[in-house]
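Step one of this worksheet: look at the structure below.
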Amino acid sequence: MGTIERLHTRAQKARRDPATPVVSSVEEARALARSIAEGLSALSDDQRLLMLSNLHEVQATLEDRMATLETEMAQDRVRIQAVNRGLNAQAGYRGGVASLRDHRRRKD
């Protein structure tokens with residue numbers, strides 16, 4: 001069952017280096033899932049348990065990666081909100097300045 005071993009190896013590399021992807025695309029993940037399901041059904045009980053333990057490590061790696069991505073996305077969201085607040089404040093300031101100019105022109 002070389003697919004699981006290769007996936008397990010990739011998961012181990014991804015744990016050591018967060019920039020290393022476990023899978024590179026959704027299509028690849030789906031193909032791997034199909035291959036693993038087909039392969040597991042053909043194994044003996046002992047082999048299946050060994051492969052499932054390898055898959056558990058892959059799952060743990062993916063969960064860690066998801067948690068990291070969620071944290072990064074939350075931080076990016078906070079930064080984007082701060083930029084939007086700044087842009088809104090700037091637009092409000094420009095609008096206030098423009099209305100003062102109009103008011104002064106009407107007085108003259």
Side-chain angles (χ1 to χ4, degrees):
M1 187 82 207
T3 303
I4 293 176
E5 281 102 9
R6 283 191 302 275
L7 186 59
H8 182 251
T9 301
R10 288 168 72 179
Q12 289 174 331
K13 287 179 185 175
R15 278 203 169 195
R16 288 190 298 272
D17 177 17
T20 302
V22 177
V23 292
S24 58
S25 67
V26 172
E27 293 80 21
E28 181 186 11
R30 287 181 180 149
L32 282 168
R34 274 196 257 9
S35 173
I36 289 167
E38 291 167 1
L40 284 175
S41 66
L43 296 175
S44 71
D45 288 342
D46 290 340
Q47 291 172 321
R48 195 174 300 134
L49 284 173
L50 178 61
M51 293 302 126
L52 288 173
S53 71
N54 286 342
L55 285 176
H56 179 71
E57 185 172 336
V58 172
Q59 177 185 0
T61 301
L62 291 172
E63 287 172 352
D64 290 348
R65 182 67 55 93
M66 287 299 296
T68 300
L69 290 173
E70 286 172 356
T71 300
E72 289 173 2
M73 286 174 26
Q75 292 168 346
D76 289 344
R77 234 179 265 116
V78 167
R79 285 188 210 111
I80 290 168
Q81 289 169 346
V83 168
N84 284 335
R85 282 193 303 274
L87 291 172
N88 289 337
Q90 183 181 11
Y93 175 76
R94 271 187 286 163
V97 169
S99 68
L100 277 174
R101 283 187 200 140
D102 290 343
H103 179 70
R104 288 183 182 158
R105 283 185 200 146
R106 278 186 239 139
K107 278 186 166 180
D108 294 338

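- Contact check for Asn54 versus Leu7: no side-chain heavy atoms found under the 4.5 Å cut-off.
- When the options Glu57, His56, Lys13 are evaluated for a side-chain hydrogen bond (donor to acceptor under 3.5 Å, both in side chains) with His8, the one that passes is Glu57.
- In this structure, Glu70 CD and Glu72 CD are separated by 11.0 Å, a value rounded to the nearest 0.5 Å.
- A search for side-chain contact (heavy atoms from CB on, under 4.5 Å) contacts involving Ile80 returns Asn84, not counting sequence neighbours.
- Distance check, rounded to the nearest 0.5 Å: CG of Leu32 to CZ of Arg30 gives 12.5 Å.
- Remark: Ser25 pairs with Glu27, Glu28 by the side-chain contact (heavy atoms from CB on, under 4.5 Å) rule, at least two apart or across chains.
- Arg15 is not listed as a side-chain neighbour of Arg65, based on a closest heavy-atom distance of 4.5 Å or more.
- Residues Leu49 and Met51 do not share a hydrophobic cluster, clusters being chains of Ile/Leu/Val/Met/Phe/Trp/Tyr side chains in contact below 4.5 Å.
- When all heavy atoms of Val22 and Ala11 are compared, the closest pair comes out as CG2-CA, 4.3 Å.
- The line from OG1 of Thr71 to CE of Met66 is 10.5 Å long, rounded to the nearest 0.5 Å.
- Leu52 and Leu62 fall within a single hydrophobic cluster, where Ile, Leu, Val, Met, Phe, Trp and Tyr are joined by side-chain heavy atoms under 4.5 Å apart, directly or via other members.
- Looking at residues two or more places apart in sequence or on another chain, you find a side-chain contact (heavy atoms from CB on, under 4.5 Å) between Asp45 and Arg48.
- With a 4.5 Å cut-off on side-chain heavy atoms, Leu40 and Leu55 count as touching.
- For the atom pair Arg10 CZ and Gln12 CD, the distance stands at 13.0 Å (nearest 0.5 Å).
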